[in-house]
Amino acid sequence: MAGLSEDHVPEVTVWELKHLIDNNQKPFLLDVREEWEYSTANLGGYLIPLKQIADRMDEIEKHQEDSLIVVHCRSGGRSAQVVRFLNAAGYTNAKNLRGGTLAWSKEIDPSLPTY
């Protein structure tokens with residue numbers, strides 16, 4: 001595809017995610033931050049820290065056929081790594097949440113703590 005680098009990661013915006021949730025089309029939301037981050041602020045996703053992804057693939061596998069897997073972290077860097085990993089493992093429905101919880105707090109829900 002012209003204009004896409006090899007590092008392109010499929011993404012959804014916080015507004016797209018909110019639209020899905022508001023229309024009861026809830027994707028599997030995978031949070032790849034650390035436990036302390038999750039306890040500080042979370043979007044209600046399923047927590048598997050980045051370092052544990054490879055060892056816990058069976059927990060993601062059952063969601064492989066869901067309509068969408070949205071991976072998120074604080075700002076989008078770690079989750080982009082996980083989306084690349086999942087895509088390489090054959091998960092064609094995994095997308096990165098652009099901007100992570102920081103974008104969610106800034107654009108959707110200012111009551112969500114930032115850190």
Side-chain angles (χ1 to χ4, degrees):
M1 210 172 204
L4 292 182
S5 72
E6 191 174 298
D7 290 336
H8 173 73
V9 174
E11 294 183 323
V12 296
T13 67
V14 292
W15 287 105
E16 290 168 330
L17 177 59
K18 183 180 185 321
H19 177 77
L20 290 171
I21 293 168
D22 289 349
N23 287 289
N24 209 27
Q25 300 173 343
K26 295 181 181 181
F28 176 61
L29 189 58
L30 177 60
D31 190 328
V32 297
R33 299 173 302 146
E34 296 298 319
E35 289 183 23
W36 72 266
E37 293 175 288
Y38 188 87
S39 65
T40 300
N42 72 75
L43 303 179
Y46 189 83
L47 180 65
I48 302 179
L50 171 65
K51 294 176 183 175
Q52 298 175 18
I53 290 291
D55 293 333
R56 296 176 61 186
M57 287 296 289
D58 59 325
E59 295 172 51
I60 300 168
E61 187 173 317
K62 61 187 173 187
H63 299 281
Q64 186 169 3
E65 295 184 17
D66 289 356
S67 59
L68 183 61
I69 298 172
V70 176
V71 185
H72 82 86
C73 63
R74 178 176 176 262
S75 62
R78 288 173 283 178
S79 52
Q81 290 177 24
V82 171
V83 169
R84 283 187 199 100
F85 177 79
L86 292 175
N87 287 166
Y91 290 76
T92 59
N93 58 337
K95 295 190 178 186
N96 186 35
L97 181 62
R98 185 185 308 155
T101 59
L102 290 177
W104 188 270
S105 179
K106 181 180 179 183
E107 298 180 39
I108 306 294
D109 181 6
S111 71
L112 185 71
T114 59
Y115 55 96

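Quick note: numbers below take in every heavy atom, side chains included, and nothing from hydrogens, waters or symmetry partners.
Between Phe85 atom CZ and Ile60 atom CD1 the span is 8.0 Å, to the nearest 0.5 Å. To the nearest 0.5 Å, the span separating CZ on Arg84 from CD on Gln81 amounts to 7.0 Å. Once rounded to the nearest 0.5 Å, the distance linking CG of Leu29 with CD1 of Ile69 reads 11.0 Å. Interatomic distance, SG of Cys73 versus CD of Glu34, reported as 11.0 Å (0.5 Å rounding).
Here Lys18 pairs with Trp15, Asp22, Trp104, Ile108 under the side-chain contact (heavy atoms from CB on, under 4.5 Å) rule; sequence neighbours left out. Under the side chain to side chain donor-acceptor pair (under 3.5 Å) criterion, Ser111 pairs with Asp109, not counting sequence neighbours. By the side chain to side chain donor-acceptor pair (under 3.5 Å) test, Thr101 is found to be paired with no residue, residues two or more places apart in sequence or in another chain being considered. Evaluation of the side-chain contact (heavy atoms from CB on, under 4.5 Å) rule for Gln25 yields Leu20, Asn23 as partners, not counting sequence neighbours. In this structure, the side-chain contact (heavy atoms from CB on, under 4.5 Å) partners of Leu102, at least two apart in sequence or on a different chain, are Arg74, Ser75, Thr114. Scored by the side chain to side chain donor-acceptor pair (under 3.5 Å) test, Glu37 finds Arg78, Tyr115 as partners (sequence neighbours excluded). Scored by the side-chain contact (heavy atoms from CB on, under 4.5 Å) test, Pro10 finds Val83, Asn87, Lys95 as partners (sequence neighbours excluded).
When all heavy atoms are compared, the tightest approach of Val14 to Ala103 is CG1-CB, 3.8 Å. Residues Ala41 and Arg33 share a closest heavy-atom pair of O-NH2, 2.5 Å. Here the closest heavy-atom approach between residue Pro27 and residue Leu17 is recorded as CG-CD1, 3.6 Å.
Residue pairs meeting the side chain to side chain donor-acceptor pair (under 3.5 Å) criterion with at least one member in residues 42-51, sequence neighbours excluded, are Tyr46-Glu59. The list of salt bridge (Lys or Arg N to Asp or Glu O under 4.0 Å) pairs with a residue in residues 97-108, not counting sequence neighbours, reads Glu11-Arg98.
No chain of hydrophobic side-chain contacts below 4.5 Å, direct or via other Ile, Leu, Val, Met, Phe, Trp or Tyr residues, connects Leu47 to Leu30. No single ILVMFWY cluster, assembled from side-chain heavy atoms under 4.5 Å apart, contains both Leu50 and Tyr38.
None of Val71, Thr92, Asn96, Asn93 except one satisfies the side chain to side chain contact (heavy atoms under 4.5 Å, CB included) rule with Leu86; the exception is Val71.
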Original post:
What's the verdict on side chain to side chain contact (heavy atoms under 4.5 Å, CB included) for Val82 and Ile48, showing C-alpha distance, side-chain angles and the deciding distance?
Top reply: CA-CA 10 Å; Val82 171; Ile48 302 179; over 6 Å; no

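Two residues are said to be in side-chain contact when any heavy atoms from C-beta on lie closer than 4.5 Å; Val32 and Ile53 meet this criterion.
Looking at Gln52, its side chain never comes within 3.5 Å of a backbone N or O of Pro49 through a donor-acceptor pair.
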